[in-house]
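To start, the structure itself, in structure tokens.
Every heavy atom of this structure was used, including side-chain atoms; hydrogens, water molecules and symmetry mates were not. The structure presented is a predicted model; accordingly, all values stated were derived computationally and were not measured.
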Amino acid sequence: MVKRLLSPGAMSKKVIVTGGAGFIGSHTVVELAVAGYEPVIIDDLRNSEERALEGIAAILGQAPTIHRIDCNDAEAMRRMLKQEGAVLGAIHFAADKAVGESVTDPAKYYRNNIGSLAVLLGLLREHGVHDLVFSSSCTVYGEPASLPVDETAPDANATSPYGFTKVACERLVRDQCTAVPSLKAVLLRYFNPIGAHPSSLIGELPRGVPNNLVPYVAQTAAGVREKLRVNGDDYDTVDGTCIRDYIHVVDLAQAHVRALQWMSERQAPLCEVFNLGTGAGNSVLEVVRTFEQVNGVKVPFEVGPRRAGDVVSVYADTRRSWEVLGWRTQRSLADALRDAWRWQQGL
């Protein structure tokens, strides 16, 4: 069991974590608590489960604070902030995030992803909260002109409605920083989070058929799915399948802690963007083969047509996140796939 490092009687360091019961959010809640912060989860659990809260409690030795409200509900969010009192900062994860679903239901994505951020930004201003970490995505780059892609690449080439919501949200944060000079913000562009906490107490919990590769691979290896469907093998890559930059979710969670610490050391105005990835790309079939090798299991698969909204290849230039933010990944693809399999076996 991991004990929280916030000592009794110490000054509260509350951090609002919207979507804190989700995959990345739950791991970040744990890392915040271990680092001495006091995470306050905002989540209506429509895309997550009670099990995540139970896992957080088991890791930390105490139940996390949670408000079960929709981030689009401004009045409920206002009451929550009034109840919590002084707040150090906020991390905004809450969003719908399936590329394929965003193509078939774009209105849902624009309404929820942009709307919830607009509500939060207005309330942070109202309550004098000045530090924000925003959960963005490499989808803002679309199909990059060159690889690895760095933070100066055009951020308006998104190929899916989900990606466009992240472009719009980043613009909204920048505009808010201009309007509110006391606001400091860090925009974190994730590549592809995978894995699970090494305790196997929290991990990715997709509802229904997974939209992401690794949980689908793990479910197939476990016999939950008959076979993995590979979305296209005719791309211009080493083996014809799409290439992504897969980052261990614990590394990603720790980057959010570092972002808060980094902001606390600087004065407003501030609005900075950082890539979060490993700096290397792996194809779909490379992930499947590595999963089989490290876990000693077979993953049957079939090749289907390309999926709408997918880009061919994208992986990060991470020099800025190391040189400026002072963060880099510590865990390998094999580590992540080993942790993902242990998590799947415990479900």
*asked:* If hydrophobic clusters are built from ILVMFWY residues whose side chains come within less than 4.5 Å, do Leu188 and Val140 share one?
replied: no
_Would Phe23 and Ile194 count as a side-chain contact (heavy atoms from CB on, under 4.5 Å) here? Give the steps._
CA-CA 9 Å; Phe23 176 41; Ile194 60 172; 5.6 Å; no
*Would you say the side chains of Asp251 and Thr329 form a donor-acceptor pair under 3.5 Å?*
no
*Do the side chains of Pro210 and Arg225 get nearer than 4.5 Å, heavy atoms only?*
yes
_Are the side chains of Trp262 and Val324 in contact, using a 4.5 Å heavy-atom criterion?_
yes
*Identify the heavy atoms of Val299 and Glu292 that sit nearest to each other, and give their distance.*
N-OE2, 2.8 Å
*Should Ile56 and Tyr37 be regarded as members of a common hydrophobic cluster, given that ILVMFWY residues are connected when their side-chain heavy atoms come within less than 4.5 Å of each other, either directly or indirectly?*
yes
*Could you tell me whether Glu38 and Lys13 make a salt bridge, using a distance below 4.0 angstrom between a side-chain N and a carboxylate O?*
no
_Just by distance, no angles: are the side chains of Ser135 and His92 close enough, under 3.5 Å, to form a donor-acceptor pair?_
no
*Any Lys/Arg nitrogen of Glu101 or Arg307 sitting under 4.0 Å from an Asp/Glu carboxylate oxygen of the other?*
no
*Answer yes or no: is there an ion pair linking Asp310 with Arg306, defined by an N-O contact shorter than 4.0 Å?*
no
_Closest non-hydrogen atom pair between Glu151 and Ser321, with its separation_ = OE2-N, 4.5 Å
_Asn275-Asp150 side chain donor-acceptor pair, cut-off 3.5 Å_ = no
*Side-chain contact test, heavy atoms from C-beta onward, threshold under 4.5 Å: evaluate it for Tyr162 versus Thr165 and give yes or no.*
yes
*Nearest heavy-atom pair of Ala334 and Val294: which atoms, and what distance?*
CB-CG1, 3.7 Å
*Does Met77 reach the side chain of His67, with side-chain heavy atoms less than 4.5 Å apart?*
no
*Could you tell me which non-hydrogen atom of Cys71 sits nearest to which non-hydrogen atom of Ala94, and how far apart they are?*
SG-CB, 3.8 Å
_Quick check on Gln267: does its CD atom have over 12 non-hydrogen neighbours (other residues, nucleotides or ligands) under 6.0 Å away?_
no
_Met80 vs Ile16 side-chain heavy atoms within contact, under 4.5 Å_ = yes
*Run the salt-bridge test on Arg68 and Asp44 with the 4.0 Å N-O cut-off and return the result as yes or no.*
no
*Looking only at non-hydrogen atoms, find the nearest pair between Ser283 and Asp239 and report the distance.*
OG-OD2, 2.6 Å
_Among Trp327, Phe93, Phe274, which residue satisfies the ring-ring contact (aromatic ring centres under 6.0 Å, His included) criterion with His256?_
Phe93
*asked:* Checking Tyr141 against Arg189: is there a side-chain donor and acceptor pair closer than 3.5 Å?
replied: yes
_With a 4.0 Å cut-off on N to O distance, would you call Arg78 and Glu75 a salt bridge?_
yes
_Between Lys166 and Glu170 (salt bridge meaning N to carboxylate O under 4.0 Å), is one present in this structure?_
no
_With a sphere of 6.0 Å drawn around CZ of Arg319, does it hold more than 12 non-hydrogen atoms of other residues, nucleotides or ligands?_
no
*Looking only at heavy atoms, what is the nearest atom pair of Trp341 and Ala221, with distance?*
CZ3-CB, 3.6 Å
*Do Val15 and Val87 touch side chain to side chain, with heavy atoms closer than 4.5 Å?*
no
*Just checking, is any N or O donor in the side chain of Asp175 or Thr178 under 3.5 Å from an acceptor N or O on the other one?*
no
*So if you build clusters from Ile, Leu, Val, Met, Phe, Trp, Tyr with side-chain heavy-atom gaps below 4.5 Å, do Val273 and Val186 land together?*
no
*asked:* Whether the Asn72 and Ser116 side chains hold a donor-acceptor pair (N or O, under 3.5 Å, no angle test) is what I'd like checked.
replied: no
*Any side-chain donor near an acceptor of the partner, Asp245 and Asn192, under 3.5 Å*: no
*Does some side-chain heavy atom of Leu260 sit less than 4.5 Å from a side-chain heavy atom of Ile91?*
yes
*Arg46 atom CZ: more than 12 heavy-atom contacts under 6.0 Å*: yes
*Mark yes when over 12 heavy atoms from residues, nucleotides or ligands other than Asp236 sit less than 6.0 Å from its CG; otherwise mark no.*
no
*asked:* Salt bridge or not between Asp339 and Arg331? Use side-chain N to carboxylate O under 4.0 Å.
replied: no
